[in-house]
**Student:** 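The following block contains the structure, expressed as structure tokens.
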Amino acid sequence: MRCTTSQAVRSLTHLAQVKYSRHSCITTVAISQYHHTSALNANPVLRSPRSCYTSESIHARATNKDKDSIASITQNHPTKPNDNINSTNATNTDYTDSMVKYLTQEEAKSVDEHLMGDKYAFSIDQLMELAGLSVACAVAEQYPPALLNDKRVLILCGPGNNGGDGLVAARHLKLFGYSVDVYYPKQKDVKLYKSLTTQCVNMEVDIHTDLPQLDGDKYGLLIDAMFGFSFHGEPREPFKTAIARMNECDIDTCSVDLPSGWDVEKGPPTDGLKPAMLVSLTAPKLCAKTFTGHHYLGGRFVPPELERVLGLNLPSYATSQMFVKL
Ligand SMILES: NC(=O)C1=CN([C@@H]2O[C@H](COP(=O)(O)OP(=O)(O)OC[C@H]3O[C@@H](n4cnc5c(N)ncnc54)[C@H](OP(=O)(O)O)[C@@H]3O)[C@@H](O)[C@H]2O)[C@@H](O)CC1
Ligand SMILES: [K+]
């Protein structure tokens with residue numbers, strides 16, 4: 001495969017970062033610094049101004065109607081001192097995500113309900129399409145095709161909307177040039193999921209109902225779209241075994257919205273999934289506070305008033321990007 005010098009530099013940087021982040025935080029910081037000072041400074045996406053809101057600027061962005069609810073939110077989520085990043089110098093590595101709101105399980109469900117209620121009037125199909133597209137775009141950023149050396153991507157899809165996001169991501173990744181397989185063992189008789197599955201088949205994505213062997217020579221990346229913010233209890237079969245196999249193999253995992261099997265608020269159980277990358281959707285969930293890998297935010301569809309009222313304090317996305325790195 002031919003690639004430009006800048007693509008090659010970026011791929012090598014990604015490779016080093018992905019490989020070493022699994023073993024050493026110190027190495028990740030060092031490579032992150034390299035990112036900041038060299039290769040990524042040339043990347044217009046990563047040079048884009050990044051908002052960093054103080055409580056004053058949150059109030060400045062609020063309408064009068066919003067201010068009471070925001071006052072209580074900022075009391076509960078104090079901003080860090082010294083958080084005034086010079087926007088002309090700010091890059092992804094400068095951006096501190098400590099101000100973005102991390103949601104409880106109930107808050108995540110409530111955002112969903114607001115978006116699909118009468119006022120904001122989104123349909124689930126629309127949100128899922130944007131969510132899945134943002135996952136595909138973030139994956140293409142962190143694991144460009146050249147990095148995978150022609151290995152395939154396996155997307156593990158659960159029975160709910162998290163699985164639906166995975167099916168959408170599968171279709172877009174195929175369009176981006178990846179070879180994609182989907183593991184979808186619990187297919188519900190729901191029109192939306194059936195349509196997404198048909199679209200995948202027509203896009204020549206292979207759908208499996210039995211878990212393929214997680215062979216590192218065949219697969220370069222696993223995408224975990226098994227459970228999202230409605231997960232509760234202990235993973236049941238066949239997902240329990242899938243999580244165990246994923247932890248046994250040496251293939252990087254990217255989780256969609258939150259790592260499957262993690263408590264939405266408390267984080268990983270013993271022997272929980274250990275993804276190298278996470279794409280939180282809409283706003284990160286509380287469990288993501290303990291996540292130390294490559295953390296992206298996607299699901300760029302929140303109307304400004306809803307963001308203000310819920311105090312989400314989302315970071316700025318670059319002009320046409322579907323994701324932002326936290
Ligand atoms: N606005 C947004 O942010 C948007 C969010 N979106 C996405 O939606 C996701 C939330 O989707 P969701 O509500 O459908 O639930 P999800 O987490 O996929 O799982 C439910 C399924 O899992 C099952 N299940 C549960 N526990 C289990 C267990 N222990 N072991 C086994 N099974 C278990 C449960 O079965 P049940 O318990 O009901 O029998 C049910 O079938 C969210 O995280 C994001 O990815 C976007 O698509 C659109 C915009
Ligand atoms: K997931």
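We number each residue from 1, following the sequence as shown. Read the numbers this way: they start at 1 and go in the same order the structure lists the ligands and their atoms.
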**Student:** Provide the number and element of each atom of ligand 1 under 4.0 Å from a heavy atom of Gly228.
**Tutor:** 16 (P), 17 (O), 18 (O), 43 (O)
**Student:** Is Lys186 atom NZ crowded by more than 12 heavy atoms from other residues, nucleotides or ligands, each under 6.0 Å away?
**Tutor:** no
**Student:** Can a salt bridge be assigned to the pair Glu248 and Arg245 using a cut-off of 4.0 Å between side-chain N and carboxylate O?
**Tutor:** yes
**Student:** Could you give all pairs that pass the salt bridge (Lys or Arg N to Asp or Glu O under 4.0 Å) test and reach residues 210-222, with sequence neighbours left out?
**Tutor:** none
**Student:** Quick check on the K ion (ligand 2): does Gly158 put an N/O/S atom closer than 3.4 Å to it?
**Tutor:** no
**Student:** Where does the angle between the aromatic ring planes of His172 and Phe176 fall among parallel (under 30°), tilted (30 to 60°) and perpendicular (over 60°)?
**Tutor:** tilted
**Student:** If you take the nearest heavy atom of each of Asp165, Leu192, Val264, which one is closest to atom 44 (C) of ligand 1?
**Tutor:** Asp165
**Student:** Under 4.0 Å between a side-chain nitrogen and a carboxylate oxygen: does that hold for Lys325 and Glu141?
**Tutor:** no
**Student:** Is the shortest distance from a Lys or Arg side-chain nitrogen in Lys285 or Glu107 to a carboxylate oxygen in the other one below 4.0 Å?
**Tutor:** no
**Student:** Have a look at the K ion (ligand 2) and estimate, to 10 degrees, the angle subtended by OD1 (Asn162) and O (Leu258).
**Tutor:** 140°
**Student:** Can you tell me, to 10 degrees, how wide the angle at the K ion (ligand 2) is between OG on Ser260 and OD1 on Asp224?
**Tutor:** 40°
**Student:** Distance under 4.0 Å to a non-hydrogen atom of Thr282: what atoms of ligand 1 satisfy this?
**Tutor:** 1 (N), 2 (C), 3 (O)
**Student:** Taking it one step at a time, do Phe323 and Tyr317 satisfy ring-ring contact (aromatic ring centres under 6.0 Å, His included)?
**Tutor:** CA-CA 7 Å; Phe323 60 82; Tyr317 289 76; 8.2 Å; no
**Student:** Would Lys188 count as a contact residue for ligand 1, given that I'm defining contact as a non-hydrogen atom of the residue lying under 4.0 Å from a ligand atom?
**Tutor:** yes
**Student:** With a 3.5 Å distance limit and no angle check, can you tell me whether Trp262 reaches the backbone of Pro269 through a side-chain donor-acceptor pair?
**Tutor:** no
**Student:** Is there a nitrogen or oxygen of Phe229 sitting under 3.5 Å from a nitrogen or oxygen of ligand 1?
**Tutor:** yes
**Student:** Tell me whether Phe227 has at least one N, O or S atom under 3.4 Å from the K ion (ligand 2).
**Tutor:** yes
**Student:** In terms of atom number and element, which parts of ligand 1 are under 4.0 angstrom from non-hydrogen atoms of Pro235?
**Tutor:** 29 (N), 30 (N)
**Student:** Take every heavy atom of Gly164, measure it against each atom of ligand 1, and state whether any distance is under 4.0 Å.
**Tutor:** no
**Student:** With the 4.5 Å side-chain cut-off for hydrophobic clustering, are Ile251 and Phe239 part of the same group?
**Tutor:** yes
**Student:** Within 4.0 Å of atom 14 (O) of ligand 1 (strictly less), any protein heavy atom?
**Tutor:** yes
**Student:** Answer with yes or no whether Leu281 contacts ligand 1, where contact means a heavy atom under 4.0 Å from a ligand atom.
**Tutor:** yes
**Student:** As a check for students: among Asp257, Val168, Asp112, identify the option with a heavy atom nearest to atom 42 (C) of ligand 1.
**Tutor:** Asp257
**Student:** Go through ligand 1 atom by atom and flag the ones less than 4.0 Å from a non-hydrogen atom of Leu127.
**Tutor:** 48 (C), 49 (C)
**Student:** Please list, one pair per line, the donor and acceptor atoms closer than 3.5 Å that link side chains of residues 194-208 to other protein atoms, with sequence neighbours excluded.
**Tutor:**
from: Lys194; atom 1: NZ; to: Asp189; atom 2: OD1; distance (Å): 2.9
from: Ser195; atom 1: OG; to: Lys191; atom 2: O; distance (Å): 2.9
from: Thr197; atom 1: OG1; to: Tyr193; atom 2: O; distance (Å): 2.7
from: Thr198; atom 1: OG1; to: Lys194; atom 2: O; distance (Å): 2.9
from: Gln199; atom 1: OE1; to: Arg171; atom 2: NE; distance (Å): 3.2
from: Gln199; atom 1: OE1; to: Arg171; atom 2: NH2; distance (Å): 3.0
from: Asn202; atom 1: ND2; to: Thr198; atom 2: O; distance (Å): 3.3

**Student:** Can you confirm whether something in the protein, heavy atoms only, sits under 4.0 Å from atom 34 (C) of ligand 1?
**Tutor:** no
